[in-house]
Asks: 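Here it is, the structure in full.
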2 protein chains.
Amino acid sequence: MKKMNSTNQHNLETIRAICGTAHALSVIGGRWKPTILHLLLHGKMRYGRLRRVIPGISERMLVLQLRELEKDGLVRRIVYAEVPPRVEYELTEEGLSMKPMLESISAWGRYHHAKNQTEQEENEEEELAKKLEQVLGDLTP
Amino acid sequence: MKKMNSTNQHNLETIRAICGTAHALSVIGGRWKPTILHLLLHGKMRYGRLRRVIPGISERMLVLQLRELEKDGLVRRIVYAEVPPRVEYELTEEGLSMKPMLESISAWGRYHHAKNQTEQEENEEEELAKKLEQVLGDLTP
DNA sequence: CAGAATCCAAAATGATACTG
DNA sequence: CAGTATCATTTTGGATTCTG
């Protein structure tokens, strides 16, 4: 059990190759990609603006994710030969082809999130009710 | 710069709360969940069978992912009081509601995978052509 | 059979300082 | 401005052993 010689990596690659869903998720997955893609769906954007509007992202992550998206052919990087430098990012045609999928995911996500939200609240209410019952039980036998 | 007290965790939660897509991805994401969900879309399945048909998954991961899916209300765990024990897993109604989304993701994934595949081959052909040119160039000035 | 528990490796993310 | 480089930390995944 010295080296696992990346069974991990191997498993990942295998699954990506067989399963379309896994492949898609590996492309749009990661913590920040959904947000970046969402923003770029509305039009091109400069690097600095992206950094400022995405709350909490580090420069390292932003560049990294952008580079991956670029490598996957979803995002185009446009460099203007100016000073101070200016770089814009925009979706390619292939990137735009994700729109229906992204909307489908987003819709289900919001639906599920809302549902779980209310369930949680119900659970909390139940717990509260239980505690209340205990307390009251002691007082009113 | 001692403790980051999980800015990581915080960022994740924030994004999940704001962005439907990120929330959905955190639910169906992970290396094995797409495969598990895909299998369960075809009907209920026993634990052992899941383990056997998913190539390369470890028991730990299988149980872990199933538990998460259960917690998120997508999968139901059915225990039969028999010996030897028997446990089956099936999608809940909420789990089934993912079907259109999953198909949309899978379709795009396969499309994108195929496209990148051919692009890679084209690149390889180009490289090959270049090398060939170099070799031939030396021979036929 | 279906898993729980433990321990370790690898990948993802974050903070920060520096540069053309 | 738009990054790059480096290092620390957090999270995820895998192997193995044990149990009701």
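Computed over heavy atoms, backbone and side chain alike; hydrogens, waters and symmetry mates excluded. In what follows, chains are A, B, ... by sequence order, proteins preceding strands, each numbered from 1. Just so it is clear, the model here is predicted, and its values are computed rather than measured.
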Asks: Examine C:dA10: is either OP1 or OP2 under 4.0 Å from a nitrogen or oxygen in the side chain of A:Q9? Give yes or no.
Replies: no
Asks: Between atom CZ in B:R77 and atom P in C:dC1, what is the gap in whole Å?
Replies: 16 Å
Asks: I need the CD-P distance between A:E13 and D:dG14, as an integer number of Å.
Replies: 13 Å
Asks: Evaluate the ring planes of A:H42 and A:H38, with Trp represented by its six-membered ring, and classify them as parallel (under 30°), tilted (30 to 60°) or perpendicular (over 60°).
Replies: perpendicular
Asks: How long is the line joining CZ of A:R86 and C1' of D:dC1, in whole Å?
Replies: 11 Å
Asks: Could you list who else is in B:I78's hydrophobic cluster, with ILVMFWY side chains joined at under 4.5 Å, directly or through other members?
Replies: B:Y80
Asks: Could you tell me which non-hydrogen atom of A:M101 sits nearest to which non-hydrogen atom of B:S104, and how far apart they are?
Replies: CA-OG, 3.3 Å
Asks: Listed in order of residue number, which residues of residues 28-63 of chain B have a non-hydrogen atom at under 4.0 Å from DNA chain C?
Replies: B:R46, B:Y47, B:G48, B:E59, B:R60, B:V63
Asks: Rounded to the nearest angstrom, tell me the gap between atom NE2 in A:H10 and atom P in D:dT12.
Replies: 23 Å
Asks: When rounded to the nearest 0.5 angstrom, what distance separates CD1 in A:I18 from OG1 in B:T35?
Replies: 7.5 Å
Asks: How would you label the contact of B:Y80 with the nucleic acid (heavy atoms, under 4.0 Å): base, sugar-phosphate, or nothing?
Replies: nothing
Asks: Stepwise, does the side chain to side chain contact (heavy atoms under 4.5 Å, CB included) test hold for A:N11 with B:W32?
Replies: CA-CA 10 Å; A:N11 278 339; B:W32 305 104; 3.9 Å; yes
Asks: How bent is the helix from C:dC1-D:dG20 to C:dG20-D:dC1, comparing axes over its five end pairs at each side, to the nearest 10°?
Replies: 50°
Asks: Nearest to the side chain of B:P85 - D:dA2, C:dA2, C:dT13?
Replies: C:dA2
Asks: Indicate yes or no: does B:E88 engage B:R49 in a salt bridge with an N to O separation below 4.0 Å.
Replies: no
Asks: Round to a whole Å and report the spacing from CG of A:L64 to P of D:dT6.
Replies: 15 Å
Asks: Check the distance between D:dC1's P and A:E88's CD and give it to me in whole angstrom.
Replies: 15 Å
Asks: Please lay out, stage by stage, how A:V27 and B:W108 fare under the test side chain to side chain contact (heavy atoms under 4.5 Å, CB included).
Replies: CA-CA 11 Å; A:V27 169; B:W108 186 86; 4.1 Å; yes
Asks: In whole angstrom, give the distance that lies between atom CG of B:L25 and atom P of C:dA12.
Replies: 15 Å
Asks: In whole angstrom, what separates B:N8's CG from C:dA11's C1'?
Replies: 12 Å
Asks: Which pair of non-hydrogen atoms, one from A:M45 and one from A:L40, has the smallest distance, and what is that distance?
Replies: CB-CD2, 3.9 Å
Asks: Can you work out whether A:R67 or A:L12 has the more 5'-proximal nearest nucleotide on DNA chain D?
Replies: A:R67
Asks: Output yes when A:E93 and A:R76 qualify as a salt bridge under the 4.0 Å nitrogen-oxygen rule, no when they do not.
Replies: yes
Asks: Checking contacts here: which listed nucleotide (D:dG14, D:dG3, C:dG14) is nearest the side-chain heavy atoms of B:N11?
Replies: C:dG14
